[in-house]
There are 2 protein chains.
Amino acid sequence: MANTSADKPNIRQVARLAGVSHMTVSRVLNNYPHIKDATRRRVLEVIEELDYRPNMAARALATQKSQRIGVIVESAVEYGPTSTLRALESTARAAGYAVSSISLGDGDGISPQEAVDNLTTQGVDALCVIAPRSSSIAALRKISIGVPVLVVKPDRDPTFLTVSLDQQEGTTLAVDHLVSLGHRDILHLAGPLDWLDARARERAFHARAKAWGVRERPIVVGDWSADFAYDFARGIREVPDYTAVFVANDDMAVGLVHGLSERGISVPGELSVVGFDDVPLAAHVLPPLTTVRQNFRALGTAIVDLLRAAVEEREIPRVTRIPAELLVRSSTAAPRGAER
Amino acid sequence: MANTSADKPNIRQVARLAGVSHMTVSRVLNNYPHIKDATRRRVLEVIEELDYRPNMAARALATQKSQRIGVIVESAVEYGPTSTLRALESTARAAGYAVSSISLGDGDGISPQEAVDNLTTQGVDALCVIAPRSSSIAALRKISIGVPVLVVKPDRDPTFLTVSLDQQEGTTLAVDHLVSLGHRDILHLAGPLDWLDARARERAFHARAKAWGVRERPIVVGDWSADFAYDFARGIREVPDYTAVFVANDDMAVGLVHGLSERGISVPGELSVVGFDDVPLAAHVLPPLTTVRQNFRALGTAIVDLLRAAVEEREIPRVTRIPAELLVRSSTAAPRGAER
DNA sequence: GCACCGAATGTTACCGGGAACAATTCATTT
DNA sequence: AAATGAATTGTTCCCGGTAACATTCGGTGC
């Protein structure tokens, strides 16, 4: 209703109506300090009246900055990566950045290289890679990108910025919980060890198990899927010689419980199970799953902070540790015949 | 390694090296027909050598088209909307479109108006709204947008393009399954009726129930969350006078089963439960959930097809019906004391 | 040989912003 | 009152593409 001439107004039309040069309008838009208050007000009025919006393409062209962050998500089926992405998006938007995301290995398998190409062509100011496997990091290393790159992964890296949730803390919480219940024989059902998070959890598990004198035993390596864990559980021959399973994610934990139930092994009666992630249904599956919750929102915020700092060439902030949390529900109990 | 002068090459540099005008390069990029083969090859060689990528911002500025689709997702917590978004993204990318998405009501509650503003400012060529409530459609109607808008919702609409999955078919499949097992008293645990999908499922449920002569009874209206259904189930006073529950989504179905188990009501022994969505864990919760699977990938494809046609002012294709599928697992059985 | 036509290519302007630099205004200082 | 310097505003050009129109080129028909 504001302007009858259907077309989108541009900065010069605003300028003309406000009786100033287009640069003055530009300055108002960008909060340039030395603008007379009266002028600013007049310009803002016209902007309001015309319902003017700056054209981002033009701005991007002029400034060589797109105000856009590219994100590559591996396997957006997993809960963690998805949650991280969502948190990242909302933080980014609040900071005035748009997000373009590409998910890999989801149906139409596109390669890391293609994903990077696609995003750089879109002209992103920075790139974030979520939850990758070591192989894709290797692939990334070879690609020259030209913008800051942040990889969500444990362990620092000389090539990229990095952040991650503290896998060690969560794992420690889980193991300590089992040990405190009296478990001394714990199996670890890990994620694919090519995944850095899986590897980190596995390492942390071993370290902690050793510290407590838990019996060393070979881990089982899964693929994050409930199906895998289900099949594994169904394949268990006899009464297992462990009393608890620390599972690297909730999906597998649920599949495991399902498979165990078919084998007639009750949880937590005969076997305790701890998951990782706290997926939305974790509290409601039977039995409700004891699991480790991670703070993906905090992670998303940290990512955006880091990336903005890099883009704007400010000092890179130190990321404060993001704590994990153990949610004790009903899939864990003292082992049968525990002394205490 | 191609060009030592670190900066990104532009179209005129390519032209110079190829010994042609920059327009010829532009024509090669856009598959303009009247280009001598030798010229085209030479240009492509230089492009390759310099690893040149056209600058999308400049192109968008010149053509007034961004090759970008904006998506507004309500409550990206739900499985359906998320899956649709993912499918849409991958189809769009294959068609040369980028996607910008904003999720509403997720933590940092931003309004539909703000979301639309944000996306139009980004300069999208088309807008898609996924899984909305009637209230947000009403809000949308008031906003003038200037690009084609598609709303994923049941029922046609004079204002927008629309597509949706066939809620009726899925519901019919579910109800028929229960009836064929012998159930004549079925409760419907619905989603918020402000949600068009919830409303469509509810209507379809009633229609089908009536057709089968199932006893009419008031439905229960939930909020899609497992928590709600859990609380509801725990609040059940006595032995229910229905023998099956048709739940509007899997999350609530899982919560319901959880609550029922605490009340000592077994599924499917005393009560059969059918869900809707086939979330990834549906096959592995206990008992594995009988549910309706929807083809979100097909939906995503349909959305992109429709939107592209609208943007390119081609004839809008007719969307072929997207079939639903009933997955019979273990949460349904014949009612106790069934004659047959 | 020349007018003519389509194929192939070039020239120029423009899309809508911002950067750099120039110009003007205004309050202080001397 | 003139000089000074900061505040305020304007001018011009450029960002990297594409649109529109102009030009050149090679073959045809007469």
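Order of the sequence lines fixes the chain letters, A, B, ..., with proteins taken first and strands second; residue numbering starts at 1 for each chain. What you see below is based on every heavy atom in this structure, not just the backbone, and it leaves out hydrogens, waters and symmetry mates. The model shown is predicted, which means the values in this text are computed figures rather than measured ones.
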For B:E312, which residues count as a salt bridge (Lys or Arg N to Asp or Glu O under 4.0 Å) partner, sequence neighbours excluded?
B:R308, B:R314
Separation of C:dG16 P from A:K65 NZ (nearest whole Å)
24 Å
In whole angstrom, give the distance that lies between atom CZ of B:R16 and atom P of C:dT9.
19 Å
Non-neighbouring partners of A:R141 that pass salt bridge (Lys or Arg N to Asp or Glu O under 4.0 Å), sequence neighbours left out:
A:D157
Is it the case that more than 12 heavy atoms not belonging to A:R321 sit under 6.0 Å from its CZ atom?
yes
In this structure, CZ of B:R68 is separated from CD of A:Q122 (nearest 0.5 Å) by 4.5 Å
Polar atom pairs between nucleotides 7-17 of chain D and protein, under 3.5 Å, N or O only, would you list them?
{"residue": "D:dT9", "atom": "OP1", "partner": "A:T39", "partner atom": "OG1", "Å": "2.4"}
{"residue": "D:dT9", "atom": "OP2", "partner": "A:K36", "partner atom": "N", "Å": "3.0"}
{"residue": "D:dG10", "atom": "OP2", "partner": "A:S21", "partner atom": "N", "Å": "2.8"}
{"residue": "D:dG10", "atom": "OP2", "partner": "A:S21", "partner atom": "OG", "Å": "3.1"}
{"residue": "D:dG10", "atom": "OP2", "partner": "A:T24", "partner atom": "OG1", "Å": "2.7"}
{"residue": "D:dG10", "atom": "N7", "partner": "A:R27", "partner atom": "NH1", "Å": "3.1"}
{"residue": "D:dG10", "atom": "O6", "partner": "A:R27", "partner atom": "NH2", "Å": "2.3"}
{"residue": "D:dC15", "atom": "O3'", "partner": "A:Q64", "partner atom": "NE2", "Å": "3.2"}
{"residue": "D:dG16", "atom": "OP1", "partner": "A:Q64", "partner atom": "NE2", "Å": "3.3"}
{"residue": "D:dG17", "atom": "OP1", "partner": "B:Y52", "partner atom": "OH", "Å": "3.1"}
{"residue": "D:dG17", "atom": "OP1", "partner": "B:N55", "partner atom": "N", "Å": "3.1"}
{"residue": "D:dG17", "atom": "OP2", "partner": "B:I11", "partner atom": "N", "Å": "2.7"}
{"residue": "D:dG17", "atom": "OP2", "partner": "B:Y52", "partner atom": "OH", "Å": "3.4"}
{"residue": "D:dG17", "atom": "O5'", "partner": "B:Y52", "partner atom": "OH", "Å": "3.1"}
{"residue": "D:dG17", "atom": "O5'", "partner": "B:N55", "partner atom": "N", "Å": "3.4"}
{"residue": "D:dG17", "atom": "N7", "partner": "B:R12", "partner atom": "NH2", "Å": "2.6"}
{"residue": "D:dG17", "atom": "O6", "partner": "B:R12", "partner atom": "NH2", "Å": "2.8"}

Return the NE2 to CG distance between A:H22 and A:L29, rounded to the nearest 0.5 Å.
11.0 Å
